[in-house]
Amino acid sequence: MTQAQFQETANLEARGTAPADRHWRDYFTFNTDHKVIGIQYLVTTFVFYLIGGVMATIVRTELATPDSDFVAPELYNSLFTVHATVMIFLWIVPAGAGFANFLIPLMIGAKDMAFPKLNAVAFWLIPVGGVLLLSSFLVGAPQAGWTSYPPLSLVTAQAGEEIWILSVLILGTSSILGAVNFAVTIFTMRVPSMSLNEMPLFCWAMIATSALTLIATPVLAAALILLSFDLLAGTAFFNPTGNGDPIVYQHLFWFYSHPAVYIMIMPFFGVISEVLPVHSRKPIFGYLAIAYSSLAISFLGLIVWAHHMFTSGTPGWLRMFFMITTMIIAVPTGIKIFSWLATIWGGKLRLVSAMLFGMGFISTFLLGGITGIMVASVPFDIHVHDTYFIVAHLHYVLFGGSVFGIYAAFYHWFPKMTGRMLNEFWGRVHFALTYIGFTVTFLPMHALGLQGMPRRVAMYDPKFTTINVICTIGAYMLAVSTIPFIVNVIWSWRYGPKAGDNPWEALSLEWMTTSPPPIENFEGIPVLATGPYDYGMEKIQNTGERLRLKLRENAIASASAQKRGIPVAEAQASTFFGGTATLVEPESEINIDSPADESQDGN
């Protein structure tokens with residue numbers, strides 16, 4: 001058997017129940033199907049992304065000139081405050097949850113999430129929180145930035161500030177509910193033949209993300225509730241006029257908000273770990289290293305928060321501690337970067353849109369990581385704190401990282417979600433416009449920051465005009481770049497060529513069912529024929545031999561009270577390898593101790 005034949009037959013599609021016809025109304029109801037909820041998340045968050053993008057374009061238009069001549073200064077403050085809040089809490093965080101909702105049950109062979117109704121509740125909190133946040137413009141939107149530091153947040157746009165607090169609390173509740181669901185689903189609902197170390201790396205990424213969400217989000221909620229008391233009840237938890245301590249707020253806020261960076265980026269670490277092997281036709285390099293580095297990032301992310309406060313009177317010994325921990329967190333991140341590069345190296349690359357965005361992710365996030373090491377150094381951070389260098393660093397991590405990862409995921413799993421293929425030509429146009437527009441917008445901001453231009457100002461020294469004009473042109477390119485994507489998605493969803501069940505010839509379980517999947521995903525219990533990244537592996541010649549090895553492993557482990565794999569009876573009933581339940585020989589006819597059939601043609 002040739003290598004190509006092996007990869008073609010290693011995992012045959014489970015052609016179970018045909019995908020149910022869904023009506024468009026299903027996507028506007030309280031639906032408990034994880035796939036419907038996942039698409040609800042993605043469409044809703046993309047709408048908020050467009051709204052946040054409009055705000056960003058207005059901000060950049062204002063900054064094209066050194067005078068405040070496009071919008072009023074108060075409105076400018078509100079625009080950049082709500083823009084950041086929308087992009088974080090209504091776009092990147094819930095977009096990761098959307099992909100997790102759609103993919104996790106499919107990847108682990110489950111029929112749905114552990115708590116379907118809770119899953120639906122978590123989604124419907126998103127539009128409620130988003131509409132509430134945008135309604136703040138009716139009463140005077142918040143102006144204190146997405147950090148809402150007191151005392152500024154206590155004396156400006158108080159009604160809008162209270163609405164902002166309530167909105168973020170609602171969105172944080174949604175994140176907590178989703179995290180509980182993801183963790184329970186992954187740990188308790190995997191098919192019997194899938195151990196933790198056989199899961200797709202996206203699932204590992206979501207375990208780490210869920211842990212961070214459950215630990216850090218309640219701390220932010222506590223800080224915002226106390227800030228709300230200061231606003232509404234006149235307490236003085238953070239109000240310095242009443243002997244409150246605003247620095248305590250900063251500690252509480254950043255205890256969540258730096259881990260929030262990893263909450264926003266780690267799901268897309270998982271996405272990249274799925275996309276690159278498929279389109280490189282190579283096994284992932286360093287599976288365990290990538291998996292465990294996600295857990296290391298989750299732990300270290302909880303002890304780096306005060307590097308945001310090097311200029312807030314932080315004592316020297318504490319500065320030193322957080323400088324060291326912030327630099328250490330680059331180690332597990334670097335493990336991922338080198339593993340991805342090793343995966344690509346020597347592969348048979350298919351430069352489809354998903355792969356282009358995946359490679360773009362590596363290049364942009366790498367630069368964001370390098371500047372992150374720079375600002376971890378106390379002397380350098382003091383120099384560039386609250387300048388446009390920080391704006392550039394932030395966007396290289398969260399746009400160059402998370403948003404490129406979102407687009408890679410869209411292009412990779414769109415065929416599974418809809419049964420249709422996106423147009424690759426317009427996908428490449430979208431990538432080119434996005435990558436060039438992103439670079440033109442944010443790369444020059446490093447120079448602005450090094451030259452001393454402060455962020456969050458509408459008026460600036462005229463000597464910064466040229467670079468700001470360049471950044472504004474790039475922002476317009478980014479705005480235009482979304483047009484081919486939107487048109488491509490809408491047209492392809494309706495008229496695109498049919499994708500088939502596994503257009504990428506991938507090996508993970510989500511590709512072993514129909515496109516789009518049936519309501520309960522699989523007709524029977526899936527059995528793993530290969531690992532999710534066994535591209536190019538010649539150690540197992542066909543699925544029958546793979547199954548025999550699984551059954552032999554199960555029998556041996558059972559004898560030592562360490563049972564693994566799937567029982568023979570369940571394997572016989574599985575439709576994972578085809579449309580019938582008779583692919584596996586009856587138990588009486590299987591000799592699990594027999595050697596492989598030597599008559600098989602192999603390399």
With rounding to the nearest 0.5 angstrom, report the [atom1] to [atom2] distance, [X] to [Y].
X: Leu252; Y: Leu226; atom1: CG; atom2: CG; result: 7.5 Å
X: Ile163; Y: Leu134; atom1: CD1; atom2: CG; result: 10.5 Å
X: Ile176; Y: Ser174; atom1: CD1; atom2: OG; result: 9.5 Å
X: Phe80; Y: Ile58; atom1: CZ; atom2: CD1; result: 14.0 Å
X: Ile37; Y: Trp124; atom1: CD1; atom2: CH2; result: 10.0 Å
X: Thr44; Y: Ile126; atom1: OG1; atom2: CD1; result: 8.5 Å

Mark yes or no for whether [X], through its side chain, and [Y], through its backbone, hold a donor-acceptor pair below 3.5 Å.
X: Thr81; Y: Gly145; value: yes
X: Ser363; Y: Gly360; value: yes
X: Gln158; Y: Leu154; value: yes
X: Gln40; Y: Thr29; value: yes
X: Thr364; Y: Gly400; value: yes
X: Asp230; Y: Phe237; value: yes
X: Ser78; Y: Ala141; value: yes
X: His83; Y: Gly52; value: yes
X: Ser293; Y: Ile335; value: no
X: Asn119; Y: Phe115; value: no

Exercise: do [X] and [Y] side chains pair donor with acceptor under 3.5 Å:
X: Asn77; Y: Arg456; answer: no
X: Tyr396; Y: His446; answer: no
X: Tyr249; Y: Ser153; answer: no
X: Ser148; Y: Glu161; answer: yes
X: Thr32; Y: Lys117; answer: no
X: Asn239; Y: Thr241; answer: yes
X: Ser294; Y: Lys336; answer: yes

Review point. According to the interplanar angle, ranging from 0 to 90°, do the rings of Phe357 and His430 count as parallel (below 30°), tilted (30 to 60°) or perpendicular (above 60°)?
Key: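 Rings of Phe357 and His430: tilted, 30 to 60°.
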So, for [X] and [Y], which heavy atoms are closest and what is the spacing to 0.1 Å?
X: Val457; Y: Tyr76; answer: O-OH, 3.0 Å
X: Trp91; Y: Thr45; answer: CE3-O, 3.3 Å
X: Thr441; Y: Cys471; answer: O-SG, 3.2 Å
X: Ala122; Y: Leu177; answer: CB-CB, 4.0 Å
X: Phe48; Y: Leu90; answer: CB-O, 3.7 Å
X: Ser481; Y: Leu478; answer: OG-O, 2.6 Å

Would you mind reporting whether [Y] and [X] have side-chain heavy atoms less than 4.5 Å apart?
X: Val43; Y: Tyr27; result: no
X: Pro105; Y: Met113; result: yes
X: Phe322; Y: Thr314; result: no
X: Ser68; Y: Glu62; result: yes
X: Leu227; Y: Pro150; result: yes
X: Thr482; Y: Tyr49; result: yes
X: Arg60; Y: Thr57; result: no
X: Tyr388; Y: Leu63; result: yes

Check your understanding: Looking at Phe253 versus Trp146, is the centre-to-centre ring distance below 6.0 Å?
Key ->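 Yes: the rings meet the under 6.0 Å criterion.
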Review point. With a 6.0 Å cut-off on ring centres, are Phe361 and Tyr435 close enough?
Key: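 Centroid distance Phe361-Tyr435: not below 6.0 Å, so no.
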Practice item. Test ring-ring contact (aromatic ring centres under 6.0 Å, His included) on Tyr411 and Phe431 and set out the steps. Key: CA-CA 11 Å; Tyr411 282 101; Phe431 169 74; 9.5 Å; no
Point to revise | Tyr262 vs Ile329, side chain to side chain contact (heavy atoms under 4.5 Å, CB included): CA-CA, chis, key distance, verdict | key: CA-CA 11 Å; Tyr262 305 111; Ile329 205 170; 3.2 Å; yes
Using distance only, find each side-chain donor-acceptor pair of residues 299-312 under 3.5 Å and give its atom names and separation, not counting sequence neighbours.
from: Trp305; atom 1: NE1; to: His251; atom 2: ND1; distance (Å): 3.1
from: His307; atom 1: ND1; to: Val304; atom 2: O; distance (Å): 2.8
from: His307; atom 1: ND1; to: Thr326; atom 2: OG1; distance (Å): 2.8
from: His307; atom 1: NE2; to: His258; atom 2: ND1; distance (Å): 3.3
from: His308; atom 1: NE2; to: His258; atom 2: ND1; distance (Å): 2.9
from: Thr311; atom 1: OG1; to: His385; atom 2: NE2; distance (Å): 3.2
from: Ser312; atom 1: OG; to: Gln250; atom 2: OE1; distance (Å): 2.9

Exercise for review: Answer yes or no: does atom CZ of Phe28 have more than 12 heavy-atom neighbours from other residues, nucleotides or ligands under 6.0 Å?
Suggested key: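 12 or below, so no.
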Exercise for review: Count the heavy atoms belonging to other residues, nucleotides or ligands that lie under 6.0 Å from CZ of Phe464, then report whether that count exceeds 12.
Suggested key: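 Atom CZ in Phe464 is crowded, with more than 12 foreign heavy atoms closer than 6.0 Å.
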Report, one line per pair, each donor and acceptor closer than 3.5 Å where one atom sits in a side chain of residues 202-224; sequence neighbours left out.
from: Trp204; atom 1: NE1; to: Leu196; atom 2: O; distance (Å): 3.1
from: Trp204; atom 1: NE1; to: Tyr287; atom 2: OH; distance (Å): 3.1
from: Thr209; atom 1: OG1; to: Ala205; atom 2: O; distance (Å): 2.8
from: Ser210; atom 1: OG; to: Met206; atom 2: O; distance (Å): 2.7
from: Thr213; atom 1: OG1; to: Thr209; atom 2: O; distance (Å): 2.9
from: Thr217; atom 1: OG1; to: Thr213; atom 2: O; distance (Å): 2.8

Check your understanding: Residues in side-chain hydrogen bond (donor to acceptor under 3.5 Å, both in side chains) with Thr85, at least two apart?
Key ->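 Partners of Thr85 under the side-chain hydrogen bond (donor to acceptor under 3.5 Å, both in side chains) test: Trp164.
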Exercise for review: Go through the steps for Phe123 and Asn101 under the test side chain to side chain contact (heavy atoms under 4.5 Å, CB included), then give the verdict.
Suggested key: CA-CA 10 Å; Phe123 163 71; Asn101 266 290; over 6 Å; no
Check your understanding: For Tyr407 and Phe268, what are the C-alpha separation, side-chain angles and deciding distance, and is it a ring-ring contact (aromatic ring centres under 6.0 Å, His included)?
Key -> CA-CA 10 Å; Tyr407 282 137; Phe268 305 105; over 10 Å; no
Exercise for review: Please test Phe365 against Phe269 for ring-ring contact (aromatic ring centres under 6.0 Å, His included), starting from the C-alpha separation and ending with a verdict.
Suggested key: CA-CA 10 Å; Phe365 180 78; Phe269 285 168; 5.3 Å; yes
Exercise for review: Quick one: do Arg455 and Thr387 satisfy side chain to side chain contact (heavy atoms under 4.5 Å, CB included)? Show the steps, please.
Suggested key: CA-CA 5 Å; Arg455 62 176 176 170; Thr387 71; over 6 Å; no
